[in-house]
Structures are given as C-alpha cells and as structure tokens.
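Shown next, in structure tokens, is the structure this report addresses.
Read the numbers this way: they start at 1 and go in the same order the structure lists the ligands and their atoms.
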Amino acid sequence: MAKYDYDLFVIGAGSGGVRAARLAAISGAKVLVAEEHRVGGTCVIRGCVPKKFMVYASEFAHHFETAKGYGWTVEGASFDWPAFIAEKDKEIARLSGIYVRNLQNAGAELVHGRARLVDAHTVEVEGRGSVTADKILIATGGRPWRPSELPGCELAITSEEAFHLPQLPKSIVIAGGGYIALEFAGIFAGLGVDTTLVHRGPNVLRGFDDDVRAHIAEEMERRGIKVLLGTQHTALEKTDTGILNRFTNVHHCESDVVMFALGRVPYTAGLGLENAGVKLADNGAVVVDAYSKTSVDNIWAVGDVTDRINLTPVAIREGQAFAETEFYGRPTTFDHEMVALAVFAQPPIGSVGLSEADARRQYGKVDVYLARFRPMKYAFMHGEEKCLVKLVVDAASQKIVGCHVVGPDAPEIIQMAAIAMKMGVTKAQWDSTCAVHPTLAEELVTLREKYVPQGLGQAA
Ligand code: FAD
C-alpha cells in the first residue's frame, strides 16, 4: 500500500506547474494537478499570449501609416473590437485545451478547484476533499497589485479585465511604468484610444538601461501617448461621463477606463502555507533554494510565486529542473543569469544582460557602443521615429555584458544575441561575425566607435 495518494501534487496549472507535472508523470510518478481557474495559467489565459494578439491587432494602425509612404491607399480601414476579442478567445480556448490534453497524455490527473495545504503532506481541494502526496509543488503564480487605500480604487481595471472589455474605450489612463503598463499603452494607443500613461517615478521601466528608458518614453510620446512622469493618482471618482482621475501635481483628467498596472504580487494568500511551515518573504513570495525547494523538505515552489524572474520561460525551466532533480535522479538547477527579455511596447524592446549603470557598478570600467538611427522601413514616412542599439562591454575582459535594442523585431534579435552572450562572447568575436544586410540587426555587429555621452568626456 502506498503511503500517500499521490507521488506529486501540483498546485496551479500554469507555465511552471504544467511542465513539472507532465515530466513527473512521464517518469511514471502518480501526479495530481489542481487548477482553480483555467489550465494554461497567466501566460495562456491572461498574459503573454492574449497580450501578444492585442499587440498584433494594434500594430496595424502603424503598418497602414507606413504603407501610405510606399504608395498604398488605405482609406476606410476600421477595427471591430468585439470581433477581435471573440477570435482571440477562441484561440485561447484552443490553446488551453492543448494544455489539458498534454497533461492527460502524460498520465497526470487534473482536478478543477482551489487547493489549500492542510499540512506538509495533505492538500484540501474544493469539490474533491483531502488528498495526500509525498511531494508538493506550489506553482500558483502572481496576481495584479491594487492600491486598496486609494479612494475609488475599485473603479479601475487591471490587465485581467483589459482582455475582456465589452467595448473599446475612447480614452484610457494607465497607471504604472513597468512592462505591462507600456505594452497596454501601446496596444490602446495603436487601436486609436486616447491614451495617458501615469507613472510616479522619474522614468518608465525601472531597472532597464537608462538610454533605453529615455528612448522608449520619447518614442511612445511620438506615437501619441501622453506620458506623465513624477505623478500618481490621489483619487478616482465616478462621473456621468466616465472616471475622473485626480493626480498629485498635475491637472486632473477624465477617461472612460482607468487601468492599474502597478506590479504583481506572489499568489500565496489563503494557500495554507503556514499550516505546513513554508517560509515566505516579506512580499509573500515563497522562499526557495537553487533547486526550488522551500523551507519544508517535501515542498517545492516554481515560477512567479517565488518572485525570482517572473517570465514564462523561466517558470517552465524551473519546473523542468525540479522534475529532473526529483523524478529522473538528475540534480538540476536553472541558471538565472543572462535571461533575455522583451517588452512588446511600440516600438518593442529586447534586452539581455546588464544595464550600463549596473555594469559600471559590477565591473568598474566598461566600454559602451551605441547607435540611434532611422529604421529603413520608415524611410518614406514623415516623422522622426528612431531605433536604438547599445552594447555594454566589460573593459577588462572585453566580454559583452549588456545588449539592448529598441526598434522593429528587437525581441526576435535579442533571442539570438542572448545565445552568444550566454557563451561569454567578447566584443572582438562579436565583431568578427559578418553582417546580414540590410537589416536592423547588422547595426549590432558593426558598432566600432566607443560611445561617450555628451559632457562626460574620456573619463566616462
Ligand atoms: P501562472 O502561469 O500564473 O499559473 C498559476 C496558476 O495557478 C494559475 O492558473 C492560477 O489560477 C492557479 N492557482 C493559483 N492558486 C491556486 C490554488 N490555490 N489552487 C488551484 N489553482 C491555483 N511572460 C513572458 O515571458 N513574456 C510575456 O510577454 C509576458 N507577458 C505578460 C503579460 C501580462 C499581462 C502578465 C500578467 C504576465 C506576463 N508574463 C509574460 C508573465 C508570465 O505570464 C508569468 O511569468 C508566467 O505565467 C508564470 O507562470 P507560473 O507557472 O509561475 O504561474
């Protein structure tokens, strides 16, 4: 008789949980996965995937503008929000179904309902009752943070609701300066919505390279987004015609919709982790070691709930490393260094490695290479839209430690740059790579002149 009902209980069928559950089940383990919402998790249901569809939908406005310069007539183009949302939802349902089938084909069992730990080996699942398991994996992700103290806070939506607005608003105020705020600002502005981005910090995208931050804020304004920095909401009030946004130190304004994109918090509330003695950080994240093991010997956690790098491919790799270690006898950790990332703003950003400021802190002396130029595709467009490419090189070893691109296809380009950087490429090796012409990416391998910001002289 087995001591427990299952070898592994996974809480959460998102990116990390599904990967771990499938691999464990394929190894022959008896696996149960609990999901309280829809299989696929944030990425598939209310994150990366629907967001990217919205980015695609909104980019057409800019494509139509570009097309005019090439001799096309595109008068009368219009956009049907409900039709787009219906198509998007159909595709999301199809993808969620694939996740369910993949779990089933691997031999894992799935239960719909909210799970809660009773003790280190017992989980209570809504509608199913108590289940025991030898090992437990917490993969419950994160959820949007709301400033609950703000008067009128309940009038605002978050990214979760933005995917299901019954109609396209005429105007939106988005609060936040992170990647989700920028991506939705680009989406709504592209779809013709009067868009204002409000951020309390001195610039958007804290933690990114400063040249990238300044460049994207400028480009967003060029595309018609009002970017209000150094300010934040003091209240939201319902009016007959919309929502009144009150701010610190700038004039109030009215909008149809207000969206908070003010960060996400690990989803550990009400999970019963205290019943098992699982240690949490101050922000509620599950504390784990390099093998994603928690403070309790038979409980692990992967993905956003651990608040390491909150991206889908990272959650997947952490889930995979856990399964390889525990079910295949291959101790495996995931290396969180040199993880490339994209911001699907308009224009988009690709970034891997350190910002110039972080590189200076870590290495002391760095060489910087930077170019700003007009993308060839926009040669026939009026306006001044520019791309940015930047390399940060450790002066002593000549290794490239940061690569940042803003412009068309930046997310595609950065994936390839990340391979070379993960392998420790030096600037000389990078430069020995022959360019692909005419592309934006070739600018990265033809950067020869060291960049010295105006006013800093050679001391920089
Ligand atoms: P999740 O995918 O969030 O899955 C957790 C699952 O657990 C959920 O399905 C939840 O319903 C379930 N759950 C929670 N508690 C319980 C419980 N008690 N019982 C049962 N089930 C429970 N990342 C990228 O890499 N690229 C992007 O472009 C990108 N865009 C994003 C855009 C948005 C708007 C958002 C919000 C996120 C985006 N992300 C992106 C981040 C990415 O979605 C997450 O990093 C990833 O989904 C984390 O996976 P996870 O397995 O940790 O958690």
the protein heavy atom lying closest to atom 4 (O) of ligand 1 turns out to be G14 CA, 3.3 Å

Atom 2 (O) of ligand 1: closest protein heavy atom, distance to 0.1 Å, is T42 N, 3.0 Å

Of all protein heavy atoms, the one nearest atom 38 (C) of ligand 1 is Y179 OH, 3.1 Å

* If we only count heavy atoms from C-beta on, is the L228 to L197 side-chain gap below 4.5 Å? -> no

The answer for which part of E36 has a heavy atom under 4.0 Å from ligand 1 is both

With heavy atoms and a 4.0 Å threshold, my read on which part of L271 contacts ligand 1 is side chain

Side-chain heavy-atom pair K238, L155 within 4.5 angstrom cut-off: yes

- For N298 and H121, what are the C-alpha separation, side-chain angles and deciding distance, and is it a side-chain hydrogen bond (donor to acceptor under 3.5 Å, both in side chains)? CA-CA 8 Å; N298 70 306; H121 287 285; 3.0 Å; yes

Ligand 1 to G303, heavy atom cutoff 4.0 Å, flagged ligand atoms 52 (O)

closest protein heavy atom to atom 30 (N) of ligand 1 is K51 NZ, 2.9 Å

- Task: State whether a side-chain donor-acceptor pair under 3.5 Å links E65 with Y378.
- Result: no

Does K30 qualify as a cation-pi partner of Y6, given the criterion of NZ or CZ under 6.0 Å from the six-membered ring centre and within 45 degrees of its axis? yes

among protein heavy atoms, the one nearest atom 10 (C) of ligand 1 is E35 OE2, 3.4 Å

Tested for side-chain contact (heavy atoms from CB on, under 4.5 Å) against V286, the lone hit among L271, D307, T268, I299 is T268

Logged contact type for L341 with ligand 1, heavy-atom cut-off 4.0 Å, is neither

N or O contact, D304 vs ligand 1, cut-off under 3.5 Å: yes

Of all protein heavy atoms, the one nearest atom 33 (C) of ligand 1 is G47 CA, 3.5 Å

- Before signing off on this row, confirm whether A115 and ligand 1 have an N or O atom pair separated by under 3.5 Å. yes

Could you tell me whether the side chain of D210 reaches within less than 4.5 Å of the side chain of S355, counting heavy atoms only?
no

the protein heavy atom lying closest to atom 25 (O) of ligand 1 turns out to be T312 N, 3.0 Å

Checking T231 against T248: is there a side-chain donor and acceptor pair closer than 3.5 Å? yes

Contact region, L311 to ligand 1, non-hydrogen atoms below 4.0 Å, reads both

- Query: So, E124 and R116, do they make that salt bridge, N to O below 4.0 Å?
  - Reply: no

Side chain or backbone, does R114 bring an N or O within less than 3.5 Å of an N or O on ligand 1? yes

Is it the case that R308 and S292 place a side-chain donor and acceptor less than 3.5 Å from each other? yes

